[in-house]
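Report on the structure given below.
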Number of protein chains: 2
Amino acid sequence: MDKRELLLEAATKLFVERGLHATPTSAISKEAGVSAGILFHYFKTKDDLIDELYVSIKKEYTSSIMNEIDKIHSDLGKLRLIWSNSWNWAIDNNLKFKFLLQLDNTSCAVRVKSHPEIVAKFEIFKNLIQSYVDKELIKNMDTYFIMGSMFGLITSMVTYLTQFPEKRNDQVFIEQAWELFYNSLKP
Amino acid sequence: MDKRELLLEAATKLFVERGLHATPTSAISKEAGVSAGILFHYFKTKDDLIDELYVSIKKEYTSSIMNEIDKIHSDLGKLRLIWSNSWNWAIDNNLKFKFLLQLDNTSCAVRVKSHPEIVAKFEIFKNLIQSYVDKELIKNMDTYFIMGSMFGLITSMVTYLTQFPEKRNDQVFIEQAWELFYNSLKP
DNA sequence: ACTTTTGTTGAGTGATTAGTCAATTAAAAA
DNA sequence: TTTTTAATTGACTAATCACTCAACAAAAGT
């Protein structure tokens, strides 16, 4: 298997378990089952590895959010799909999601918080939300505030579902959670 | 001034700016304007300092949430006061709040995530929310989910207000934000 | 077959770090 | 005042870390 990929996977796991700076590069290469030196063949420095990992995971997340969005035609249906795409990806990729959370709450570490591809995906999402505001499907407030609130609710739902995984298949719970989400946005 | 307090303050600032493990104890003592050795007179190890800092800040935060709650008599009024106490403290003590966020998203570092005094305050809050559920003032869902959602919305509001501080005095914005918050909880 | 490029190893290096300690000063107790 | 205790210093140490490098192995190119 690709050693570069093995290193990124090992790094994700250890960074989430131990924290960024508490994880030596030697631990990463050991976890990946490769030699210590090879890490610096694929990544110039440890910080470069962190940057690349962050960008690749964020790209994956922002892509998954819009997954199959074109198959739905109603506005409300699209909003609900975005909502469920978000928490489903975050639960299916819990380590990666925790890594994002960890870095987004840190002013340090990631020098590349805005990557063109990520910014582009973010803009698409922002425009969609804005169009919903214009159509009076959701509250008329600053788009950044709306998006932040959406992300806050989704994050807390993911945290909850990680703690109580059985609720994920509880249709009553999912429906109530959606209502909580949508009621907060409704004008 | 008390050197112990100076060290805790300096640590909060540097931990938020650089991250836990990227901050040497020598940087903390330098920032506090004291000698390197004295840190280990007040705190047995660096981890002990982190633990004590976390507990003291969390205690401060959980206390502030219930501030002046007895002066209000209506249930809805109390809920709104808790809401505004939360984000007001978080903005007035932004470094401390960011430190809490940083640690709560980390599985490592803090060995003392449940301190009796904190747990007690949390229980009081949990019981209050449960009583609101019973009175049908808010949605009938698992209290942990409700509380998580509340915290998620408050956190995103704090993040937003930190970025756009002028909105803090915008009564229209505050009212809309409260509506967003309460609408999500309403049955 | 031969040459060049690319991938891989692990021992080694200089810098940095958490924590110690003997010595000095300040404060409190007697 | 004298004695005892507590606070404070900064040089020191053993351990750890990010990163290098000379050597070797495997592919790829000719």
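What you are looking at is a predicted structure, and each value in this text was computed from that prediction instead of being measured. Side chains are part of it too, since the values below use all heavy atoms of this structure and drop only hydrogens, waters and symmetry mates. Lettering of chains follows the sequences in order, A, B, ..., and the numbering in each one begins at 1.
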Among residues two or more places apart or on two chains, list those pairs meeting salt bridge (charged side-chain N to carboxylate O under 4.0 Å, His left out) that have a residue in residues 116-125 of chain B. B:K59-B:E117

Please list all pairs passing the salt bridge (charged side-chain N to carboxylate O under 4.0 Å, His left out) test where one or both residues lie in residues 71-87 of chain B, with sequence neighbours left out. B:E68-B:K71, B:D75-B:K135, B:R80-B:E175

Show every donor-acceptor pair shorter than 3.5 Å between a side-chain atom in residues 34-44 of chain A and any protein atom, with sequence neighbours excluded, or say none if there are none.
none

Can you measure B:K30 atom NZ to D:dT9 atom P for me and round it to whole angstrom units? 15 Å

Under 3.5 Å, sequence neighbours excluded: what are the donor-acceptor pairs made by side chains of residues 150-158 of chain A?
{"unit_1": "A:T155", "atom_1": "OG1", "unit_2": "A:F151", "atom_2": "O", "d": "2.8"}
{"unit_1": "A:S156", "atom_1": "OG", "unit_2": "A:G152", "atom_2": "O", "d": "3.3"}
{"unit_1": "A:S156", "atom_1": "OG", "unit_2": "A:L153", "atom_2": "O", "d": "2.9"}

For A:E9, enumerate each residue passing the salt bridge (Lys or Arg N to Asp or Glu O under 4.0 Å) test, keeping only those at least two apart in sequence or located in another chain. none

For B:E166, the salt bridge (Lys or Arg N to Asp or Glu O under 4.0 Å) test, sequence neighbours excluded, returns none

I'd like a table of donor-acceptor pairs (distance under 3.5 Å, sequence neighbours excluded) in which one partner is a side-chain atom from residues 138-147 of chain B, with atom names and distances.
{"unit_1": "B:K139", "atom_1": "NZ", "unit_2": "B:K186", "atom_2": "O", "d": "3.2"}
{"unit_1": "B:D142", "atom_1": "OD1", "unit_2": "B:Y144", "atom_2": "N", "d": "3.2"}
{"unit_1": "B:D142", "atom_1": "OD2", "unit_2": "A:Y160", "atom_2": "OH", "d": "2.5"}
{"unit_1": "B:T143", "atom_1": "OG1", "unit_2": "B:Q130", "atom_2": "OE1", "d": "2.6"}

Just so I know, are the side chains of B:L76 and B:Y182 near enough to count as touching, which here means a heavy-atom distance under 4.5 Å? yes

How would nucleotides 10-18 of chain D be written as a contact map, 5' to 3', with B for base contact, S for sugar-phosphate-only contact and - for no contact, using protein heavy atoms under 4.0 Å? B------SS

Which part of the nucleic acid, if any, lies within contact of B:K3, taking any heavy atom under 4.0 Å across all strands shown: a base, the sugar-phosphate backbone alone, or nothing? sugar-phosphate

Check whether any side-chain N or O of B:Y42 sits under 4.0 Å from OP1 or OP2 of D:dT8, and answer yes or no. yes

For A:E136, what residues pass the salt bridge (Lys or Arg N to Asp or Glu O under 4.0 Å) criterion, not counting sequence neighbours? none

Excluding sequence neighbours, so at least two apart, what forms side chain to side chain donor-acceptor pair (under 3.5 Å) with B:W89? B:E60

I'd like the 5' and 3' limits of the part of DNA chain C contacted by chain A, with heavy-atom contacts below 4.0 Å. C:dG7 to C:dG10

Take the C1' atoms of the five end pairs on each side of the helix from C:dT3-D:dA28 to C:dA30-D:dT1, get both axes, and report the angle to 10 degrees. 10°

